[in-house]
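The structure appears right after this line, and notes come after that.
Given the structure is predicted, the values throughout are model-derived calculations rather than measurements. Heavy-atom basis, side chains included; hydrogens, waters and symmetry copies ignored. Just so it is clear: chains get the letters A, B, ... in the order the sequence lines come, proteins before strands, and each one is counted from 1.
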Number of protein chains: 2
Amino acid sequence: MGRPKNFEPDVVVAQAMQTFWTKGYADTSPADLAEATGVAKGSLYHCFGSKRELFAKALELYGRTASEVTEEFLARPGTAKDGIRAYLVLLMDMDLDGPVQRGCLAQNTVSELGGRDEEATRAVHRMEQRMIELFTARIERGQRDGDVAKDLDAKAQALFLQTTLTGLRVMAKTFDRKTLYGVIDTALAGL
Amino acid sequence: MGRPKNFEPDVVVAQAMQTFWTKGYADTSPADLAEATGVAKGSLYHCFGSKRELFAKALELYGRTASEVTEEFLARPGTAKDGIRAYLVLLMDMDLDGPVQRGCLAQNTVSELGGRDEEATRAVHRMEQRMIELFTARIERGQRDGDVAKDLDAKAQALFLQTTLTGLRVMAKTFDRKTLYGVIDTALAGL
DNA sequence: CGAGTTCTTGAACCCGAGGTCAAAAATCAG
DNA sequence: CTGATTTTTGACCTCGGGTTCAAGAACTCG
């Protein structure tokens, strides 16, 4: 009973995510969100409570999506090195091909709010941990498949890859494609 | 002639830099700057024109300082690998020992404003280029000193190190010291 | 000392950010 | 249809952000 919602909260969160991603948390106003979602400010507050809570949902969606894409991509056939290279190249291409250099929402968030927003910081940390798990699993699979040295410390390598990826996505805001591809090759030399 | 300034613009810029560094650009208000510098808002505007211009000076100071510290540190005796490791460890310690996780002002800036503020983006790019020059020079010195393989591509390695450093400083917001030290070791394995 | 100049400062200004609300609209049970 | 319930919406409110300004203070020159 009661009047039915005339929007899908999930798609509103997705649209909000895009806006936060592009403009950052502080620079996204309720008016921006209303325009981006096509839902009036009042309705957004009625449904989500506050800008901060909507952001939390957007960040969570981002993490879930990123995790799924990564998992799916790394599951493809081939060697670990080639798979991971292709994944890093894909991310660089996505970053560079967008109309505006927006990087990674998780990193942008920790840059903007890190140290001053417990919850956001922890959410980003969880995403990073998840990425590291996925990289670790992919490297271990490579070891079983025989395309990665058995004595390599998979966890350490995964941690290193996550660091490289983080660095790359920041560098993608100021460097060109060729340079970034070069960094990928250098970083993967040890695999 | 005229009434003399009763503050040193340079130290005000330095204090403003600290504030921007800790809170980010958008979250630093003129009131914050007045409090941090001990100079009334009106005087700040009289002297610097706008928040944005003061920020530009702060960012420039940051770049100059970072460049000097890096140059000085990498000039110390020892092998390239040890020198660079010590430098990365130093930065991690500085990031971790602060009362609040603030990372690198340049990266924070490009995360917050990248793609939407030409001047800031370019300023950060210049700093990154400068860091790469310094790393390159240090590696080439290592090659002359005989502690780095002569066939290593110094420029590519420097680019890679800058990426790693960037990643590390973001990771320093969510990971602990031991983990970060581990990443440093992995990253330097190829040197 | 006054005139001219430059700096200082709090008060005041405008606007937009973030959020609240009252009234209207849409649904369902009886 | 009535009432209970839930959602929608723009109008409205408050507050603080970024900036301007008018008045005064501190200096130099003649």
* Structure fact -> In whole angstroms, the gap separating P of dA25(D) from CZ of Phe7(B) amounts to 19 Å
* Ignoring hydrogens and angles, tell me if any N or O in the side chain of Arg116(A) forms a donor-acceptor pair with the backbone of Lys23(B) under 3.5 Å. => yes
* To do: Figure out the CD/P separation between Glu53(A) and dT20(C), and round it to whole Å.
  => 10 Å
* Asked: Could you give the NZ-to-P distance, from Lys51(B) to dT19(D), as a whole number of Å?
  -> 8 Å
* To do: Scan residues 10-29 of chain A against DNA chain C and write down, sorted by residue number, each residue with any heavy atom closer than 4.0 Å; if none is found, say none.
  => Thr28(A), Ser29(A)
* **Atom-pair distance (NZ on Lys5(B); C1' on dT8(C)), nearest Å** => 11 Å
* **Residue whose closest nucleotide on DNA chain D lies nearer the 5' end, Arg3(A) versus Ser43(B)** => Arg3(A)
* Distance, rounded to the nearest Å, where Leu33(B) contributes CG and dT9(C) contributes C1' -> 16 Å
* Would you please confirm or rule out a distance under 4.0 Å between OP1 or OP2 of dT19(D) and any side-chain N or O of Tyr45(B)? => yes
* Quick one: sort the Phe7(A) and Phe48(A) rings into parallel, tilted or perpendicular, breaks at 30° and 60°. => tilted
* Lys51(B) to Tyr25(B) six-membered ring, cation-pi geometry met (6.0 Å, 45°) -> yes
* Report yes or no: do Asp176(B) and Tyr181(B) form a side-chain donor-acceptor pair below 3.5 Å? => no
* **Distance in angstrom units between Glu8(B) CD and dT8(C) C1', rounded** => 16 Å
* Determine whether the side chains of Glu133(B) and Thr136(B) contain a donor N or O and an acceptor N or O closer than 3.5 Å. => no
* Start at the 5' end of DNA chain C and walk down; is the nucleotide closest to Pro4(B) or to Lys41(B) reached first? -> Pro4(B)
* Asked: Does the side chain of Asn108(B) come under 3.5 Å of the side chain of Ser111(B) through a donor N or O and an acceptor N or O?
  -> no
* Asked: Hey, are Gln101(B) and Arg169(B) close enough side-chain-wise for a donor-acceptor pair under 3.5 Å?
  -> no
* Asked: Closest heavy-atom contact between Pro30(A) and Tyr45(A)?
  -> CG-OH, 3.4 Å
* Asked: Given that both pair distances must be under 3.5 Å and the pair must be Watson-Crick or G-U, what runs of three or more consecutive pairs involve DNA chain D?
  -> C:1-30 with D:1-30
* To do: Examine dA26(D): is either OP1 or OP2 under 4.0 Å from a nitrogen or oxygen in the side chain of Asn6(B)? Give yes or no.
  => no
* Asked: Roughly, in whole Å, what's the span from CG in Leu54(B) to P in dT19(D)?
  -> 11 Å
* To do: On the 0 to 90° scale, with breaks at 30° and 60°, tag the Tyr87(B)-Phe73(B) ring pair as parallel, tilted or perpendicular.
  => tilted
* To do: Could you tell me whether Phe48(A) contacts a base, only the sugar-phosphate backbone, or nothing, with contacts defined as non-hydrogen atoms closer than 4.0 Å?
  => nothing
* Establish, with yes or no, whether the OP1 or OP2 oxygen of dT7(D) is under 4.0 angstrom from a side-chain nitrogen or oxygen of His46(A). => yes
